[in-house]
Amino acid sequence: MARNTPELGDDSSDGADERAAGDGAIDRRSYLKLAGAAAAAIGTSAGVAGAQSTEGMERIELDYDRYGDPSQLYTVNDNRSGIPPKFVSSPTNGSNQAIRTEFSSAQKTANLEYRFEENGYEMPREVYTSFKLYPDGIRLSANDTVRIFWLPLTNGPGSSGGGATDGTNGWSNAIGFANRNDSPAPDGYNFFSYSYHMDRGGSGDFQMTSVPIWMDQWNEIEGYVRCNTFSGGSANRDGVMRYWVNGELAFERTNLRMTTTESNLIEGVGPLGYVVGSSLSGDALIYDDHEIAIGGMPADRDDSPPYDEDPTLVEPSAREQYEERFTYRNGDEEAAYRIYVDGDIVQSDWSRATYNESVEITSDEYAVVEATAEPGTIDGYFFDGDIVAISADPDPSQLWVSGEQIDPADYPDAPPAEDRSDEPLEHVVLVDGLGTTGTTRYEFAVSGSVEKSTDGGASIDDGDAIDGGRVTGLVGGWRDAFRFSGELEELTVDGAARVSVDGEEIDPADYGDDLPHVLTVVGNGSEASYELTVDGTIDTVLGDASAVGAERQTSETVTGTIERGVHRFRFSGELVDVAFATGETHVYLDAERIDPADYSGETRVLPHAIVIDGSEADDATDYSFTVDGDVIQSNYRDATVDRADSLEGTSAAGSVGAGERDAYFFDGDITDFQLVGDATVDVHHEIQ
């Protein structure tokens, strides 16, 4: 692959995000304590003081005391200061000499790159490196930044200067310090990461921390970088960057995408001097004790999850083996939680999740996760099947299933009671319409089993429906009866019929709400006029915006107009029709979002369509987009309508499987679009 040496600062976009937004030696000389004291030396290559290997990891020590010039160790290039890097005898961190890179009036000193291929190694997938840094005389004005080290650098148009990073043309991360985030200036300035990766926008991805690097004294800097996995030219979001400053974890990301090919792995690491802001003429960055480990992490810094030791833990790349993913985001208190799944579930540190060693997963009738979550942590899982119950104390901050936020209140604390179909149906509920006028609609639920009955002279009505332990029906001048086991848990009666259980008349108000269901219309910023119809009774909610913005036309129908906020309605029976006279917006039945087209005789068609076509793709493709008008799901061009895909206002996000299509109708223009995978995208205008 052709490579270009980065000329940072030549493009005016580079550094834009940075502008916007004592001589005491450290006691411990090396963090690289490899497992086993008998690691055998494997030889010395040009520019390398010594190399050792153990269990797939190779250690490279750059012993400055053995060389007369830094160019014998590093590829030195892009020296804009005009002052060559040199070895000095003071200050050092206990060695005989250290490297000094001095600033002039120019913005940059030089690149000092330790390039792996030029020193006899293949481009590694993962690199750990540590070095000591002495910022000599540096004082920064507000918002000034100084880059100090490439960790790592893979040269190419996508590694600097505002160029697009496409997974094949280089990438990089420059770490440094800046007078930001309440830095303890002038004694110290806070650490930052400045990265070129596949998902950044504009110039580099600039991330500040609140961990200081101290001026005019030695600091210990460590970093670990692991490339993302990839297949078929598609990058997975599991690349890792971690940096420590003076023993403290300063920065971590575990969801990066850097590369899509073996020829675009890690090219090198090494010192860098680059200032954005004030002139640092005469000031310097001094380096000592540069050590590298490729192919792994040193034993005392290996805090990666124990994939080989924990059978319930898998790497992020295992995501494709499971149907769903689950994220538990904890609040600001320690929480204990339990998850029940009617399939298989495993833990993974995918995306921003971290390994939780308290997780225990058992399997019997259900797979059950039990864990304790520390304040502010994120736990991640992959699973097959469905989540059937969730309990947590206190409640989590957020729960997500495959990209869609869920409400823990929608799930019971434990799975449904065991099957009681073999229990005798000892009890009788009788809905008595004899002597009444009109019709009465009813709905009830029991904890056990239920079946139709002729008790009390009741008739068997085919129109009455039984779904599990829930019954809905209608009586006029006759009786309906049902035999059941367990307990009567809910009862709603809309009409004059009387209800008795085991011969004793009961008050429906004692068995839950008269209007047990909630219908919610959510405004999206554009005016929408709607009509809602049920086959029972519907009414506005006292004190809700629906009491002002909507009107009850009949006992079964309400109409309203909404732009922002929510309108809530309580109702009994079934929802039979949702119609929009103008506009369209989101509608929720109880806690589940519904498609109005499923409750209407007409399907709305907007003027344009977008089709994400995976019919010839090898794997699933993730996508998201935003329009400046309305957007709705569609079965246009035989697309499937997947309720797992997300519609939020004017934005849509989802995943289309291999051999499938997703489609949406929209008006206006597409303002943002992202695609991860090899599906094709077609936009069709004026389809009406």
Side-chain angles (χ1 to χ4, degrees), residues 236-237 255 316 319-331 337 339-348 350-353 369 373 378-392 395-412 518-524 566 584-598 610 612 614 620-627 630-635 639-657 660-666 672-677 679:
N236 299 314
R237 298 179 188 277
N255 63 346
R319 170 179 167 178
E320 297 178 357
Q321 303 173 26
Y322 296 87
E323 299 171 356
E324 308 282 357
R325 56 191 189 276
F326 178 81
T327 304
Y328 187 102
R329 186 185 295 269
N330 196 28
Y337 67 88
I339 307 165
Y340 297 84
V341 176
D342 63 353
D344 296 322
I345 188 168
V346 292
Q347 185 187 179
S348 180
W350 72 280
S351 187
R352 299 186 65 185
V369 175
I378 301 174
D379 293 347
Y381 300 90
F382 301 141
F383 69 96
D384 295 326
D386 295 310
I387 294 175
V388 297
I390 302 171
S391 65
D395 287 339
S397 171
Q398 293 178 352
L399 295 179
W400 297 79
V401 172
S402 298
E404 182 175 352
Q405 189 170 358
I406 64 172
D407 186 346
D410 294 341
Y411 296 83
V518 177
L519 196 62
T520 305
V521 182
V522 181
N524 63 8
V566 296
E584 189 164 307
T585 190
H586 296 170
V587 180
Y588 289 78
L589 176 55
D590 293 325
E592 182 177 354
R593 183 177 163 192
I594 63 172
D595 185 349
D598 293 342
I610 182 171
I612 299 90
T621 295
D622 294 332
Y623 63 87
S624 64
F625 66 92
T626 300
V627 300
D630 292 334
V631 59
I632 57 176
Q633 285 181 292
S634 167
N635 58 4
T640 57
V641 177
D642 187 356
R643 296 290 180 262
D645 296 335
S646 172
L647 274 174
E648 294 292 338
T650 61
S651 297
S655 179
V656 61
E660 299 178 351
R661 292 187 182 98
D662 282 0
Y664 299 81
F665 290 137
F666 70 97
D672 182 67
F673 188 88
Q674 295 188 26
L675 189 77
V676 182

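In this view, Asp395 satisfies the side chain to side chain contact (heavy atoms under 4.5 Å, CB included) rule with no residue, not counting sequence neighbours. Under the ring-ring contact (aromatic ring centres under 6.0 Å, His included) criterion, Tyr328 pairs with Tyr337, not counting sequence neighbours. The ring-ring contact (aromatic ring centres under 6.0 Å, His included) search around Phe625 returns Tyr664, not counting sequence neighbours. For Arg325, there are no salt bridge (charged side-chain N to carboxylate O under 4.0 Å, His left out) partners at least two apart in sequence or on another chain. Residues meeting the side chain to side chain contact (heavy atoms under 4.5 Å, CB included) test with Asp384, sequence neighbours left out: Tyr322, Glu323. By the side chain to side chain donor-acceptor pair (under 3.5 Å) test, Gln398 pairs with Arg329, Trp400, sequence neighbours left out. By the side chain to side chain donor-acceptor pair (under 3.5 Å) test, Ser624 is found to be paired with no residue, residues two or more places apart in sequence or in another chain being considered. For Val388, the side chain to side chain contact (heavy atoms under 4.5 Å, CB included) criterion is met by Tyr340, Asp342, Tyr366, Pro415, not counting sequence neighbours. Pro408 is linked by a side chain to side chain contact (heavy atoms under 4.5 Å, CB included) to Pro396, Leu399, counting only residues two or more places apart in sequence or in another chain.
If you take CZ on Phe382 and CD1 on Ile345, they are separated by 11.0 Å, rounding to the nearest 0.5 Å. The line from CD of Gln405 to OG1 of Thr327 is 10.5 Å long, rounded to the nearest 0.5 Å.
In terms of heavy-atom proximity, Ala679 sits nearest to Thr621 at N-OG1, 3.1 Å. What you find for Asp379 and Ala353 is that their closest heavy atoms are C-CB, 3.9 Å. Nearest heavy-atom pair, Ser655 versus Asp662, reported as atom, atom and distance to 0.1 Å: O-OD2, 3.6 Å.
Checking side-chain atoms of Thr650 against main-chain N and O of Thr626 turns up no donor-acceptor pair under 3.5 Å.
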Quiz item: Hey, mind stepping through Val369 and Phe326 against side-chain contact (heavy atoms from CB on, under 4.5 Å) and telling me if it holds?
Solution: CA-CA 12 Å; Val369 175; Phe326 178 81; over 6 Å; no

Quiz item: When you look at Asn524 and His586, which way does the side-chain contact (heavy atoms from CB on, under 4.5 Å) test go after all the steps?
Solution: CA-CA 8 Å; Asn524 63 8; His586 296 170; 5.7 Å; no

Practice problem: Begin from the C-alpha positions of Ile339 and Tyr381 and carry the test side-chain contact (heavy atoms from CB on, under 4.5 Å) through to its verdict. | Solution: CA-CA 11 Å; Ile339 307 165; Tyr381 300 90; 4.3 Å; yes

Quiz item: Between Asn236 and Glu320, does a side-chain contact (heavy atoms from CB on, under 4.5 Å) hold up when you go through it step by step?
Solution: CA-CA 10 Å; Asn236 299 314; Glu320 297 178 357; 4.1 Å; yes

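With contacts defined as side-chain heavy-atom distances shorter than 4.5 Å, the pair Val566/Tyr588 does not qualify. Residues Ile610 and Val627 fail the side-chain proximity criterion, which asks for heavy atoms closer than 4.5 Å. Counting only heavy atoms from C-beta outward, the side chains of Val587 and Leu519 approach each other to under 4.5 Å.
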